[in-house]
Amino acid sequence: MSIVKVALPVPKRQLFDYLSNGLEVPVGGRVRVSFANRTLVGVVMAHTDDSPWADKLKAVSEVLDEAPVLDEHWLTLARWLADYYLHPIGDVIHTLLPVALRKGASALPQDTECLALTPTGQQHCQDDLRRAPQQWRLIARLKDGPVALHTLREDISSAVIRACRDKGLVETTLQAYAVQSDWHAALTISDKPRPNTEQALAISAITRDLEAYTPVLLEGVTGSGKTEVYLQSIEAILKAGRQVLILVPEIGLTPQTVQRFQRRFGIDVGVLHSNLNDNQRLRVWQQARSGELGIVIGTRSAIFTPLAKPGMIIVDEEHDGSFKQQDGLRYHARDFAVVRAKMEGVPLILGTATPSLETLNNALQGRYQHLTLHARAGVATHTVQQVMDIKDQPLRVGIAPGLIERMRSHFAAGQQVMLFINRRGYAPALLCHHCGHIETCHRCERPFTVHKQLNKIQCHHCSAARPLPRQCGACGNDEIVPKGVGTEQLDAELASIFPHISRVRIDSDSVRGKSTLEEVLAAINEGRHQLLIGTQILSKGHHFPNVTLVVIVDADGALFSADFRAAEHLAQLITQLSGRAGRADKPGEMWLQTHHPGHPLLQDLLHNGYGHFARFALQERKAAGLPPFQYQVLIRAEATDARSPFAFLDELATLLRQQTDFQVLGPVPALMEKRQGRYRVQLLLQSTRRGVIQAWLATNMATFERLPSVRKVRWSIDVDPQDF
Ligand code: ADP
Ligand code: ZN
């Protein structure tokens, strides 16, 4: 009997058997099957001749692929992910595939639907369409020949296309698909600067052996020339026709970055980010897989892009939190990049100004080669970092008078100033001055944030919103006041202090979509704004050469956080922010406002730099028995009632405590105890050997899933958790 074992996107840790009924189904190919009255798309993991349920098996409904969509290499990686992250294989497989393929779309490149001019359209000139400039724009685009519809749709509306079609000016044609993997023949290298000594050393270290897994930590501040090192290191790889995969953080992926690679080599660059539709993603996946793209740049999930001829993997800003997926398959794209590079036998570059303690430790242990770029390329200046003691100071919107004066003098010199505050909105809470009541989201038990311009209060944990109240929800008094400071309030208050200074606010409320952020950044670098007020967005990827003063309005929260990674993240933020500013002829200064100027973390960081801080922090982690010296696995459970998650995790903890190979801590409430109406509890497992935890959990998973208390909760496993 011919039976296939199928991975299906269901939360069960098993494969499902179906009869293949004589249909040819390759391992790694997709099938459609019926499962619990639904039709699902799954991937065949193996063939077999018998099954314990042989007489009850259903047949495969449809075979979707003649050739595997996931080859043996990717099936091996999928099994690795499932084992390492203790995640159901069906869902791992699902995560690896582009959404269009999960839904059953053809995996083969399709002929391209194009738009072409009709003979009438050929004869039209601008005058004929004087009253319809948008239509003329389309006609003009097509004068040189047909253009793919999906390309046109990026900047031409479907109404315009329809109008031209109705007038008989354009028609749809099909362009047959042909694989074009000869891009490396067309490779041209332009505008290549001479590397400085450190760059040259780095490039030669990286390119010494291009045929083997050689992991490198490339440490250098913004502007030290890391990207230039990437560019020159991949040259030989591209010339040999091999492909390069580059991962960047969520907001670090700018058109400028992509253009820089495109311009240097004169080839197409595949781009993968969250704003693409399913078809656009599928196209890049296909082109990368068939070897048609020399370079693919993308955010987190781009690490799953198959390459016909892998040549190198680069993870830029490797310390960035956006590389960790926070639900479903909770993978870390940087960590998986290491595994993938090893398995594919290719060099790996982890680049950053502020290495994560995990990566730094690997470098210090000699597992990665550690290369450093000290100087800013071409120039040599560093921002001076200082603390401002704000104890007892008469603050204005949270800013010390001395710094208001510093701002004034930087403005007077025609320079730009950047204020960083970690809170968007007008104020983080709304307080009744009469009874002390704070308007609170009952689903998350956290204060609502005040958004004055939008005239509402909103919960930043579940996005529930209400109109801005006029009276206290508890006592009815109308004296209710915003408490604390957010970007919107800073912006409004500074307008009255500096009425003649052009300000710009940069947070996720004021900047939506990629193009607006690009526009704002361009306006800043053209000098159209003098005062920049923003959140984390400011700390990533962008360089502001005319900013000479950076003020971090409030960092004290992180000094006393319950999250053991808070200090590391604060140090990274401070270092990244000060790296955004200044250049040779305009050195920058950075001020950190704090009530704890003597705090050892701040003192160490500001006097000795990130590298020193990080080594010291590693010693502390070691002494405290924390990652990267101990490995952690977090088991989370949540439910709408407070008792069920505890009941389940208590039972689990009892089972787990039967062994003595690893520690079991908890259960305890999560740092955020309630979120979106659900109570959250967690159990922490910790050991110096990650493998013993994974093995024990894998062996006993079936027992967990049979516990009666499991039915009342949602639960998940997070290996190497980043958030608690
Ligand atoms: P990073 O990626 O570390 O921020 P970049 O590679 O973007 O640094 O370099 C910063 C700036 O310096 C860029 O404008 C780049 O073109 C320029 N640059 C880098 N290396 C050199 C070099 N060796 N000679 C001249 N300019 C360089
Ligand atoms: Zn909420």
Side-chain angles (χ1 to χ4, degrees), residues 189-204 206 216-235 246-249 252-254 256-264 297 314-320 349-355 371-383 425 428-430 438-449 451 456-466 525 539-545 575-584 610 638 640 670 672-680:
I189 315 281
S190 40
D191 297 333
K192 176 163 97 174
R194 244 177 86 103
N196 63 30
T197 312
E198 283 183 320
Q199 286 176 318
L201 282 173
I203 295 161
S204 75
I206 293 165
V216 163
L217 163 60
L218 179 63
E219 185 176 347
V221 298
T222 311
S224 62
K226 289 186 298 297
T227 311
E228 190 54 47
V229 171
Y230 305 155
L231 285 160
Q232 300 203 22
S233 299
I234 67 177
E235 205 180 296
I246 303 166
L247 294 190
V248 293
L253 183 52
T254 61
Q256 279 93 317
T257 312
V258 177
Q259 278 161 18
R260 200 161 157 200
F261 282 85
Q262 238 153 14
R263 230 179 295 128
R264 173 66 57 89
I297 304 184
I314 297 171
V315 183
D316 192 30
E317 309 288 351
E318 67 82 28
H319 66 279
D320 195 88
I349 310 180
L350 305 177
T352 176
T354 51
L371 304 169
T372 311
L373 305 179
H374 290 95
R376 288 215 172 151
V379 304
T381 173
H382 281 284
T383 305
L430 186 63
I438 290 177
E439 290 295 333
T440 304
C441 170
H442 68 274
R443 300 176 69 212
C444 304
E445 290 176 1
R446 289 287 165 101
F448 278 112
T449 297
H451 288 262
K456 67 176 185 185
I457 54 176
Q458 188 181 40
C459 171
H460 283 186
H461 303 285
C462 71
S463 64
R466 280 200 253 135
N525 282 338
S539 72
K540 299 192 184 175
H542 320 290
H543 187 209
F544 304 106
T575 311
Q576 293 283 344
L577 277 175
S578 55
R580 301 291 141 204
R583 62 177 186 218
Y610 182 83
E638 55 174 56
T640 48
M672 211 182 140
E673 244 183 286
K674 194 179 170 193
R675 184 171 188 156
Q676 303 188 359
R678 308 178 73 85
Y679 292 86
R680 311 158 79 226

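Numbering of ligands and ligand atoms starts at 1, following listing order. Just so it is clear, the values below take in all heavy atoms, side chains as well, and ignore hydrogens, waters and symmetry mates.
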Whether Q232 side chain and A200 backbone form a donor-acceptor pair below 3.5 Å: no

V221: numbered ligand 1 atoms lying under 4.0 Å from its heavy atoms: 3 (O)

Under 4.0 Å to a heavy atom of T227 - the qualifying atoms of ligand 1, by number: 1 (P), 2 (O), 6 (O), 7 (O)

Min N/O separation P193 to ligand 1 under 3.5 Å: no

Nearest neighbour of atom 7 (O) of ligand 1 from the list R260, E317, Q199, R194, on a heavy-atom basis: R260

Full working for side-chain contact (heavy atoms from CB on, under 4.5 Å) between M672 and H461: CA-CA 10 Å; M672 211 182 140; H461 303 285; 3.2 Å; yes

I297 and V248, any side-chain heavy atoms less than 4.5 Å apart: yes

Residue N196 vicinity, atoms of ligand 1 by number, heavy atom under 4.0 Å: 23 (N)

For K226, the ligand 1 atoms whose distance to one of its heavy atoms is below 4.0 Å: 1 (P), 2 (O), 3 (O), 6 (O), 8 (O)

S463 and Q458: CA distance, side-chain angles, deciding distance, side-chain contact (heavy atoms from CB on, under 4.5 Å) verdict: CA-CA 6 Å; S463 64; Q458 188 181 40; 3.9 Å; yes

Contact list for residues 217-233, test salt bridge (charged side-chain N to carboxylate O under 4.0 Å, His left out), sequence neighbours left out: E228-R260, E228-R264

Step-by-step side-chain contact (heavy atoms from CB on, under 4.5 Å) determination, T352 to D320: CA-CA 9 Å; T352 176; D320 195 88; over 6 Å; no

Main-chain N/O of P355 paired to Y610 side chain as donor or acceptor, under 3.5 Å: yes

S224 near ligand 1 by a heavy-atom separation under 4.0 Å: yes

Test item: S190 side-chain N/O and R263 main-chain N/O as donor-acceptor pair under 3.5 Å: yes

Under 2.8 Å from the Zn ion (ligand 2) - protein N/O/S, by chain and number: C441 SG, C444 SG, C459 SG, C462 SG

Test log, rule side-chain contact (heavy atoms from CB on, under 4.5 Å), inputs I246 and Y230: CA-CA 9 Å; I246 303 166; Y230 305 155; 5.5 Å; no

